[in-house]
There are 2 protein chains.
Amino acid sequence: MQTTVTLRDVARAAKVSVSTASRALAGGGLTSKSTEARLQRIAAELGYRPNTLARGLKTRSTRLVGLVVHNLTNASFRVLAEVVQRRLRAEGYQALLCITADDPEQEAETIETLADQRVDGLIICPTGHNGALLASLDASGTPVTCVVRRDETVELETVLAADPEGAYAGTRHLLELGHRRIGLIVGRQETTSGRERLSGYRRALEEAGIAFDPTLVHAGRYEPETGLAGCRQLLDRDDRPTALFAANHESALGVLRGLAERNIALPDDISLLCYEDVPGFAWQRPAISVVDSGANAMAELAADRLLQRLRPNAAPSAAGEYRIGARLIQRQSVRPVAH
Amino acid sequence: MQTTVTLRDVARAAKVSVSTASRALAGGGLTSKSTEARLQRIAAELGYRPNTLARGLKTRSTRLVGLVVHNLTNASFRVLAEVVQRRLRAEGYQALLCITADDPEQEAETIETLADQRVDGLIICPTGHNGALLASLDASGTPVTCVVRRDETVELETVLAADPEGAYAGTRHLLELGHRRIGLIVGRQETTSGRERLSGYRRALEEAGIAFDPTLVHAGRYEPETGLAGCRQLLDRDDRPTALFAANHESALGVLRGLAERNIALPDDISLLCYEDVPGFAWQRPAISVVDSGANAMAELAADRLLQRLRPNAAPSAAGEYRIGARLIQRQSVRPVAH
DNA sequence: CTGTTAGCGCGTTCAG
DNA sequence: CTGAACGCGCTAACAG
């Protein structure tokens, strides 16, 4: 029933004008110390809470930040959501979480809704089909930071994993252990990450003097089904690969199932390396070796960059690109090739 | 640069008053068909987008719903976030995602912030220490629906898993396969779910005429570490259990590691049943049998209930409690006890 | 240092 | 059916 107490009520109770109350509670030292303290006290007693909407209408700032991801199943997005949420909150912002299912239409709708809500900024993993929309948002004063994927149609501040280097490092690790036929299960080639992970793999191979064999590569969506299909296809070959590199943690699940189907043991019968780390990999048996793509660091940096541009006197739009280094974590699913 | 176009601009362009424009765009048939169509067109041409803040200030409704969970790592919360977000959006609401880390202080702060944002409703997995806050919110017209956990200090609409029945069904499944010593790794007894899962386990045992042995129970936080510790403790016994029941998917990870440490094979050397399903369990080797606690259904129902109460003429506050049935999913980590 | 005045953009009376 | 006027709650000019 709690009739919301407004600034006017506080002012009246303190016998001052509304604006004095406003200034006192803002605490910028624009009022005498005594009235400031007094109003703080009265406001607290009355249980006054400022109305965010009214304030936002006036100041044109909602302290709301849109966070747009494809889903929450993927470990990188999950980490992104948790970290960004935490960092924003520490700076007095709230995250508006939206999920697009990697669907351009839903993404477009989401972006417009967020704009309507007058969010102060936007952190988004773009589908790549709404670049214009994002760019106009950014240009009109709502900073946009892209993360994980880049929207290639337009120039926006972007935080990415060092995918070429990560895939290169992983592949190289396998090569150094003597593997020569390395199956790669990778993302769709329409996506930045898909292409870059493939290119890193390829470069490592070529540097090692091994011809790139496209039939060792299976590209598809980042889903278990892709891993399963790829695994089956690769295992059906006469010259079965001695190692598999799954370029995403979800497809790795499918690979595990594919291996289990045929009773192929890890790491004795085949080696498995996975791009992206998830807690399950460390805890399972055998523990899966991974190239950690640095989701945490990406999230931190994305939040940092956006917050930076949200500060009072920030450069309007710095379309820089940032890369987060990948890191090899050796566990038990990879071993030197048998002779 | 996009100077935001306001209702006034639309009205001016159409040579009508602001209020006519407002009515025409609302489309409630309060204007002539012709002006309605004309204004719709002009608004579209000008790229008019209503200002959510101004509208909310006036209508006292933001179409924002707070969604408060402990984290996004736990599968139930993840599903909750995804499902609730989707259902809300379908009804024109946006979700404000907040993470409390199961910390009462952060929870209190979060609830207040959400109230400040004038959210229309709240779906929360409560810590149980801020019942008064939640109740006053609910009483003052912002419906609150609790989910997964109940705040026992207060009467609020709550959607829970049928934990007693689920744990009972799981335990019974193991009993029917001949297991007599069943180790239980369960949540803290301060939480509803922890207590209820233990009680279900206990009831199944007693119905089967087996004395409850507290030393077979290891309670702790829902974390891999708990599972690992519990697993070690249970395996150290002289009369080692023939089956383990991990009452949460995260502690199950720890159990898997604990088994691996000692080279105890699933399901040959011991059986493992897990409460809560995650995709990884179905895909891994051997696939883990689970009692699915119905996170999806819980999320759907919680969203349903809240949306119901958000409708124009809804009952102010129905403090009902809803239970979602659990379901046993047999996979490959459980087998009959060896003789 | 404080009070008065004027909007922010919209929905909604109250007259015509 | 339409227009004029008011106010949601707050901050920011401009005076005093």
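So you know, we letter chains A, B, ... as the sequences are listed, proteins then strands, and number each from 1. Values below: all heavy atoms of this structure, side chains included; hydrogens, waters and symmetry mates excluded.
- When each of Ser34(A) and Pro50(B) is assigned the nucleotide of DNA chain C bearing its nearest heavy atom, the one mapping closer to the 5' terminus is Ser34(A).
- Heavy atoms of Arg23(A) sit under 4.0 angstrom from at least one base atom.
- Ranked by how close their nearest DNA chain D nucleotide is to the 5' end, Leu7(A) and Val16(B) are led by Val16(B).
- Looking at heavy-atom distances under 4.0 Å, Val18(B) makes no contact with the nucleic acid at all.
- Atom CZ of Arg38(B) and atom C1' of dC1(D) are 14 Å apart (whole Å).
- For Thr59(A), the listed nucleotide lying nearest its side chain is dT11(D); candidates were dG3(C), dG9(C), dT11(D).
- Looking only at side-chain heavy atoms (C-beta outward), Thr158(A) and Thr145(A) stay at 4.5 Å or farther from each other.
- A salt bridge is absent between Arg78(A) and Glu82(A): the closest approach of a Lys/Arg side-chain nitrogen to an acidic carboxylate oxygen does not fall below 4.0 angstrom.
- Taking side-chain N and O atoms only, Ser17(B) has a distance below 4.0 Å to OP1 or OP2 of dG3(D).
- Considering only side-chain atoms of Arg55(B), the nucleotide from dT2(C), dC10(D), dC10(C) that sits closest is dC10(C).
- For Ser32(A), whose side chain is taken as the heavy atoms from C-beta onward, the closest listed nucleotide among dC10(C), dT2(C), dG9(D) is dT2(C).
- Rounded to whole Å, the distance from CG on Leu25(B) to P on dT12(C) is 14 Å.
- A sub-4.0 Å separation between OP1 or OP2 of dG3(C) and a side-chain N or O of Thr20(A) is present.
- Using a 4.0 Å cut-off between charged nitrogen and carboxylate oxygen, Arg309(A) and Asp120(A) do not count as a salt-bridge pair.
- Residue Thr35(B) has a polar side-chain atom (N or O) positioned under 4.0 Å from OP1 or OP2 of dT2(D).
- Remark: C1' of dT4(C) and CZ of Arg8(A) are 15 Å apart, rounded to the nearest angstrom.
- With DNA chain D read from its 5' end, the first of the two nearest nucleotides for Ala21(B) and Ala54(B) is the one closest to Ala21(B).
- Salt-bridge formation is detected for the pair Glu91(A)/Arg311(A): a Lys NZ or Arg NE/NH1/NH2 atom is positioned less than 4.0 Å from an Asp or Glu carboxylate oxygen.
- Residue contacts shown for Ser22(B) include a base, since a base heavy atom lies under 4.0 Å away.
- As a whole-Å value, the separation of Leu57(B) CG from dG11(C) P is 11 Å.
- For Leu53(A) and dG7(D), the CG to P distance is 20 Å, given to the nearest whole Å.
- Remark: P of dG7(D) and CZ of Arg60(B) are 14 Å apart, rounded to the nearest angstrom.
- Taking the side chain as every heavy atom from C-beta outward, Ser19(B) and Arg23(B) approach each other to under 4.5 Å.
- In terms of heavy-atom proximity, Ile42(B) sits nearest to Ala13(B) at CG2-CB, 4.0 Å.
- Between Arg49(A) atom CZ and dC10(D) atom C1' the separation is 16 Å, expressed in whole Å.
- Within 4.0 Å of Ser19(A), counting heavy atoms only, lies at least one base atom of the nucleic acid.
- Nearest nucleotide to the side chain of Asn51(B), out of dG9(C), dG9(D), dT2(D): dG9(C).
- A donor N or O paired with an acceptor N or O is found under 3.5 Å between the base of dG7(C) and the side-chain atoms of Lys58(A).
- Note: NZ (Lys15(A)) to P (dG3(C)) measures 12 Å, nearest angstrom.
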